[in-house]
Amino acid sequence: MKNFLTFSILFFFIFNPCFSADIPSIQEKTADMEKHTGFFNFYWDKQNGEIWLEIDKLNQEFLYVYSLSAGLGSNDIGLDRNQLGRTQVVQFKRIGPKILMVQPNYSFRAQSDNPYERKAVEESFAKSTLWGFQVKAEEDGRFLVDLTDFLMRDAHGATERLQRTEQGNYRLDDSRSAVYMENSRSFPQNSEFEAMLTFTADHPGRKVRWVAPNASSVTLHQHHSFIQLPDEGYEPRVWDPRSMFGSKDYLDFAAPVDKPLRKRFIRRHRLQKNNPEAEVSEPVEPIVYYVDRGAPKPIRSALMEGASWWNQAFEAIGYKNAFQVKLLPEGADPMDVRYNVINWVHRSTRGWSYGGSITDPRTGEIIKGHVVLGSQRVRQDFLIASGLVTEYTGKEKDTKEAVEMALARIRQLSCHEVGHTLGVGHNYASSVNNRASVMDYPHPRVKIHPDGSLDLSEAYDTGIGEWDTVCVEYGYQDFPENVDEEKKLKAILDRAFQGGLYYLTNQDASPLGGVHPLCNDWDNGVDPVEELVHKMKVRSIALDNFSKKKVHQGMALSTMEEVLVPIYLFHRYQIEAAASVLGGLYYNHTVRGGVQEDPHMVPAREQRRALKELLKTLSPKALALPEKILNILPPKAPGYRQNRELFPGHTGIAFDPLGPAEVAVRMTVGSLLFHERAARMIQYHARNNKLPGFSEVVDALIEATWKSPHQKGLHGEIQRVVDQVVLTHLMGLAGQERA
């Protein structure tokens with residue numbers, strides 16, 4: 001019996017390790033570690049390369065954000081430096097010897113004082129448990145856990161992204177990964193952690209080989225932020241589909257049956273006036289953005305100047321010094337949640353810039369604005385300007401006009417992306433209202449002087465527009481307590497639309513199938529067809545002026561093609577804009593009781609005029625490069641390869657004059673024969689036989705191509721290219737399941 005009792009006691013302690021010995025105190029466990037105090041205290045065990053987290057906030061919600069602080073440098077793969085990941089509300093819950101990191105489900109709620117209603121919703125939808133920790137030390141209601149494994153994982157999904165882009169089956173190599181203490185620190189309202197992770201693959205993809213010194217071993221930095229949630233002083237503002245703001249929504253199962261189940265609020269920063277009653281007031285706390293110190297001069301100045309334009313809108317609604325732009329303090333981490341940052345990010349090829357944010361999922365309050373600007377954008381705009389006006393004569397002023405245009409575009413881009421981090425989306429109809437919004441995608445506006453020379457002095461705008469001020473007023477005006485806010489917000493938008501402003505966004509500006517003639521990205525002008533005519537004139541002048549002087553002395557002449565491409569395709573986006581007139585519909589995102597007009601189809605005269613001008617872009621005269629250009633373009637020089645920024649061809653390293661024509665033709669024909677446009681034209685013609693039907697478009701296209709008199713020489717070969725593209729697209733449309 002005695003032996004059995006002894007065995008039972010030993011068995012209990014062996015298989016219940018948490019009871020096999022007293023759990024040490026935090027002080028005892030961390031005696032030889034380096035302590036970092038802040039929102040969460042943590043300890044650095046340098047000898048073992050471990051971070052230990054002190055948890056003193058059980059059952060208290062906070063924000064967890066993962067991000068990528070050092071990237072891959074490939075636009076195609078998309079793992080950029082300082083790229084934000086998801087923002088999640090989480091809390092630590094202790095269950096026995098474990099502490100679990102649990103994410104509640106804020107997509108489904110019951111906004112009710114009744115705890116049983118709230119519990120019913122909570123138990124109806126799943127939570128997510130993101131991680132589990134073992135308690136290793138305990139002291140005065142505080143618990144110590146090993147955070148290292150939590151940090152040493154692919155939280156950002158780099159391996160998934162690499163696999164999805166067909167770059168190889170990468171895997172995390174623990175032996176070549178480590179905690180990165182240089183960017184791990186704790187502050188009063190946020191704790192920041194970083195890990196240096198190495199991913200390996202046996203057969204890495206071509207795109208990784210372009211950017212990594214050894215594609216079989218790719219090291220990235222992933223960052224983790226624990227952030228204190230804002231206090232309850234923030235007031236959510238109702239979302240209106242006409243406001244240009246993005247929305248935060250959830251289902252409220254406590255809503256009355258006669259009220260919408262889905263609740264929607266705008267995403268915005270917290271901003272309050274010191275005195276809401278005053279006509280002009282300082283803010284309680286300004287919105288401050290910081291520019292990355294990695295941006296070189298004069299680009300840094302352009303970024304700061306452009307971003308600061310938003311203060312014009314805040315001043316217009318009665319704020320003073322509410323929006324500020326500064327240089328990021330030395331030593332500051334761009335991923336630190338305390339800083340709204342405009343990041344300057346490099347990639348091996350040019351690509352998109354974007355604006356994101358860390359947002360409280362519960363309310364829509366923006367806590368950190370985070371802009372990523374691709375550094376090669378400015379070079380592309382310089383290239384476009386060079387093709388339009390620059391001639392290298394050896395003088396210092398040769399590139400002045402092109403540099404000024406490129407910097408003007410960077411100012412506009414900085415302002416645009418910051419706009420996204422203020423909570424607003426795109427307005428692709430603003431070019432109709434004289435550039436009423438920086439949230440459009442702007443094409444450079446090029447004027448033609450009476451002597452036929454090109455003028456870039458107004459290529460890009462120099463401030464925010466009228467619509468931007470409307471949006472800032474809707475999102476950020478601080479109303480006195482006795483004001484009916486909902487009524488005031490509606491009045492702001494009604495006043496704008498009564499004044500003739502348009503708001504149309506991404507869904508309205510599909511490149512091939514755009515429905516609204518006035519909503520297109522990268523277009524200009526009030527009349528999309530008239531602007532196409534203008535752009536064709538600008539293109540013709542630029543091609544006539546094209547010469548060897550488009551490249552520096554001593555450069556390989558084959559590099560002239562890089563300058564030629566954006567000039568030859570100068571009209572590409574206006575083709576899409578003009579095509580949107582065909583089967584087009586004038587409409588607004590109306591609400592009941594609003595002031596905007598109901599939808600109506602584009603008149604027949606406008607549609608036929610658009611078709612006429614679009615067919616002109618298919619003529620050999622419009623498509624053929626001048627012989628003087630073909631005579632100076634040599635085959636590619638050694639060290640210069642074909643890439644996606646150049647024209648395709650079938651003539652080896654020699655320039656193929658039919659390649660540019662084929663690219664341009666596909667743009668026009670693809671827009672004319674887009675299946676959604678075809679369906680609209682058939683239906684609209686059935687409702688009103690005065691409108692052109694799709695058969696009229698096909699007949700006109702065949703008449704302008706296959707049935708047109710055949711020419712000789714290069715023009716004749718271009719005709720054959722055009723005919724082939726038309727036939728291919730007609731066959732594709734016939735076989736299109738969605739047509």
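Side chains are part of it too, since the values below use all heavy atoms of this structure and drop only hydrogens, waters and symmetry mates.
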For F570, does the CZ atom sit with more than 12 other heavy atoms under 6.0 Å from it, leaving out its own atoms?
yes
If you measure from the Lys or Arg side-chain nitrogens to the Asp or Glu carboxylate oxygens, is any gap between E696 and R608 under 4.0 Å?
yes
Qualifying ring-ring contact (aromatic ring centres under 6.0 Å, His included) pairs, either residue in residues 524-553, two or more places apart
Y392-H552
Tell me whether the count of non-hydrogen atoms from other residues, nucleotides or ligands lying under 6.0 Å of NZ in K707 goes above 12.
no
When the ring centroid of H416 is compared with that of Y441, is the distance short of 6.0 Å?
yes
Ion pair present between R609 and E606, side-chain N to carboxylate O less than 4.0 angstrom?
no
Just jot down the ring pair (Phe, Tyr, Trp, His ring centres under 6.0 Å) partners of H571, sequence neighbours excluded, or say none.
none
Does CD in E305 sit with more than 12 non-hydrogen atoms of other residues, nucleotides or ligands closer than 6.0 Å?
yes
For K550, is there an ion pair with E391 - N to carboxylate O distance below 4.0 angstrom?
no
L388 and side chain to side chain contact (heavy atoms under 4.5 Å, CB included): which single residue from V538, N545, I541, V563 fits?
V538
Parallel, tilted or perpendicular, judged at 30° and 60°: which one describes the rings of Y573 and W522?
tilted
Side chains of residues 657-668: which donor-acceptor partners sit under 3.5 Å, not counting sequence neighbours?
from: E662; atom 1: OE2; to: R666; atom 2: NE; distance (Å): 3.4
from: E662; atom 1: OE2; to: R666; atom 2: NH2; distance (Å): 2.9
from: T668; atom 1: OG1; to: T617; atom 2: OG1; distance (Å): 2.9

Taking the six-membered ring of Y568 as reference, does the cationic atom of R539 (NZ for Lys, CZ for Arg) lie under 6.0 Å from its centre and within 45° of its axis?
yes
Check for a donor-acceptor pair, side chain of D292 on one end and backbone N or O of A295 on the other, with a separation under 3.5 Å.
no
Roughly how far apart are L303 CG and C415 SG, rounded to 0.5 Å?
11.5 Å
Got a salt bridge between E561 and K636, using NZ or NE/NH1/NH2 to carboxylate O under 4.0 Å?
yes
Tell me which one of Q83, H370, H420 satisfies side chain to side chain contact (heavy atoms under 4.5 Å, CB included) with Y354.
Q83
Enter the distance from L373:CG to N82:CG here, rounded to the nearest 0.5 Å.
11.5 Å
